[in-house]
A.B. asks: 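Could you have a look at this structure, given as structure tokens, before my questions?
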Amino acid sequence: MYNRDFFRAKLERRKLSMVTCYDYTFARLLSRTAIDGILVGDSAAMVMHGHPSTLSMSVELMRLHTEAVVRGVAGKFVVADMPFLYFRKGRTAALDSAHVFMRAGAHAVKLEGVDGHEDVIQRMVQSGIPVMGHLGLQPQSVQVYGGFRVQGRSDASARDIVRQATVLEELGAFAIVLECIPANLAQEITEALRIPTIGIGAGAGCDGQILVLQDLLGLNMDFQPRFARPFLDGARSVQDAIAHFDEAVKAGAFPATEESYT
Ligand code: KIV
């Protein structure tokens with residue numbers, strides 16, 4: 001899969017599937033699925049490190065997660081998230097950060113928003129770095145929103161998201177994540193663009209869907225947003241397995257003879 005295949009999928013009306021991934025073990029598992037793309041999301045700050053938002057992510061931490069994922073996912077298209085503010089500190093600093101992720105083996109980077117860093121996106125694309133956009137709820141702006149809130153509900157906000165999507169396409173983004181916006185707005189944007197939209201909490205009208213892997217697997221015990229359908233009761237399965245291990249150890253039933261060396 002290359003970034004141009006995203007475009008082809010839209011032309012052929014083939015839905016795109018993406019998930020987040022932050023580590024080698026899950027990357028190995030994903031490499032044996034038909035998933036189209038993997039996002040090393042800055043949601044790692046929350047999912048893997050327990051922070052309350054993505055604002056704590058750094059380039060160095062993202063590099064480590066990206067390298068681990070790339071080592072595991074032979075043949076998959078990997079997008080690395082640009083962490084909070086690193087693409088707002090000027091074009092050179094932004095390109096330096098993106099360079100770190102491309103050297104780590106990512107095939108593209110994702111940036112939230114567009115206003116104020118149009119030049120950065122354009123320079124990245126011109127320099128051979130495929131750029132994925134991210135509009136609607138931009139988790140890096142959580143302090144401005146005052147929480148993780150659905151965006152694009154008012155007419156003005158909806159028009160602004162449509163405008164930004166058009167700008168991103170003009171700047172050369174190869175796809176746009178649409179997060180937590182009304183389904184009819186996401187559909188309107190999807191129909192207006194030539195590049196694909198990848199939805200998360202943006203309804204079924206997008207060209208593809210992305211979920212945080214831990215949400216998809218039902219591993220997130222703290223909060224399950226309404227769009228994050230768990231396709232597995234992962235938390236229960238993991239806890240049951242560990243309870244069985246604990247019981248077996250305490251009953252002297254583990255390890256068995258065949259699990260021991262002579
Ligand atoms: O970091 C992330 O997980 C994301 C997804 C929500 C798209 O940006």
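Whatever order the structure lists ligands and atoms in, that order sets their numbers, starting from 1.
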A.B. asks: Whether Asp96 and Lys89 form a salt bridge (side-chain N of Lys/Arg under 4.0 Å from carboxylate O of Asp/Glu) is what I want to check.
C.D. replies: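 Between Asp96 and Lys89 there is no salt bridge, as every charged N stays at least 4.0 Å from the carboxylate O atoms.
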A.B. asks: Which residue holds the protein heavy atom closest to atom 8 (O) of ligand 1, what is that atom called, and what is the gap in Å?
C.D. replies: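 Here the nearest protein heavy atom works out to Lys110 NZ, 2.9 Å.
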A.B. asks: Tell me whether Arg123 is salt-bridged to Asp119, with the criterion being a basic N under 4.0 Å from an acidic carboxylate O.
C.D. replies: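 A salt bridge is absent here (no side-chain N lies under 4.0 Å from a carboxylate O).
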A.B. asks: Quick one: does Met18 get within less than 4.0 Å of ligand 1, heavy atoms only?
C.D. replies: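 No, that is not the case, since the closest heavy atom of the residue is not under 4.0 Å from the ligand.
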A.B. asks: Indicate yes or no for a side-chain donor-acceptor contact from Ser141 to the backbone of Leu137 under 3.5 Å, with no hydrogens or angles considered.
C.D. replies: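 Pair absent, no side-chain N/O of Ser141 close to backbone of Leu137.
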A.B. asks: Could you tell me, atom by atom, which parts of ligand 1 come under 4.0 Å of a heavy atom of Leu39?
C.D. replies: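 Numbered from 1, ligand 1 contributes 2 (C), 4 (C), 5 (C), 7 (C), 8 (O).
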A.B. asks: Need the ligand 1 atom indices (1-based, order shown) with element for anything under 4.0 Å from a heavy-atom of Asp81.
C.D. replies: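 With Asp81 as reference, the close atoms of ligand 1 come out as 1 (O), 2 (C), 8 (O).
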A.B. asks: Determine whether the side chains of Asp160 and Gln164 contain a donor N or O and an acceptor N or O closer than 3.5 Å.
C.D. replies: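 Yes, Gln164 and Asp160 have a side-chain donor paired with an acceptor closer than 3.5 Å.
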A.B. asks: Counting from 1, what ligand 1 atoms have a heavy atom of Ile200 closer than 4.0 Å?
C.D. replies: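 Checking each atom against Ile200, I get 6 (C).
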A.B. asks: I'd like to check which ligand 1 atoms, numbered from 1 as shown, lie under 4.0 Å from a non-hydrogen atom of His134.
C.D. replies: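 In order of number, 8 (O).
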A.B. asks: Are Glu112 and Arg88 ion-paired here, with the side-chain N under 4.0 Å from a carboxylate O?
C.D. replies: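 No.
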A.B. asks: Carefully, step by step, assess Ser43 and Tyr22 under the rule side chain to side chain donor-acceptor pair (under 3.5 Å).
C.D. replies: CA-CA 9 Å; Ser43 51; Tyr22 320 107; 2.6 Å; yes
A.B. asks: Heavy-atom contacts with Gly41 under 4.0 Å: which atoms of ligand 1 show up? List them by number with element.
C.D. replies: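 That gives atoms 1 (O), 2 (C) of ligand 1.
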A.B. asks: Please classify the Thr20 to ligand 1 contact at 4.0 Å (heavy-atom distances, strictly less than): side chain, backbone, both or neither.
C.D. replies: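 Side chain only.
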A.B. asks: Which ligand 1 atoms are under 4.0 Å away from a heavy-atom of Glu179?
C.D. replies: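 Answer, ordered by atom number: 6 (C).
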A.B. asks: Considering heavy atoms of the protein only, find what lies nearest to atom 2 (C) of ligand 1 and give residue, atom and distance to 0.1 Å.
C.D. replies: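 In this structure, atom 2 (C) of ligand 1 has Ser43 OG, 3.2 Å as its nearest protein heavy atom.
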A.B. asks: Are the side chain of Lys110 and the backbone N or O of Val40 linked by a donor-acceptor pair below 3.5 Å?
C.D. replies: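 No, the answer is negative, given that no donor and acceptor are paired below the 3.5 Å cut-off.
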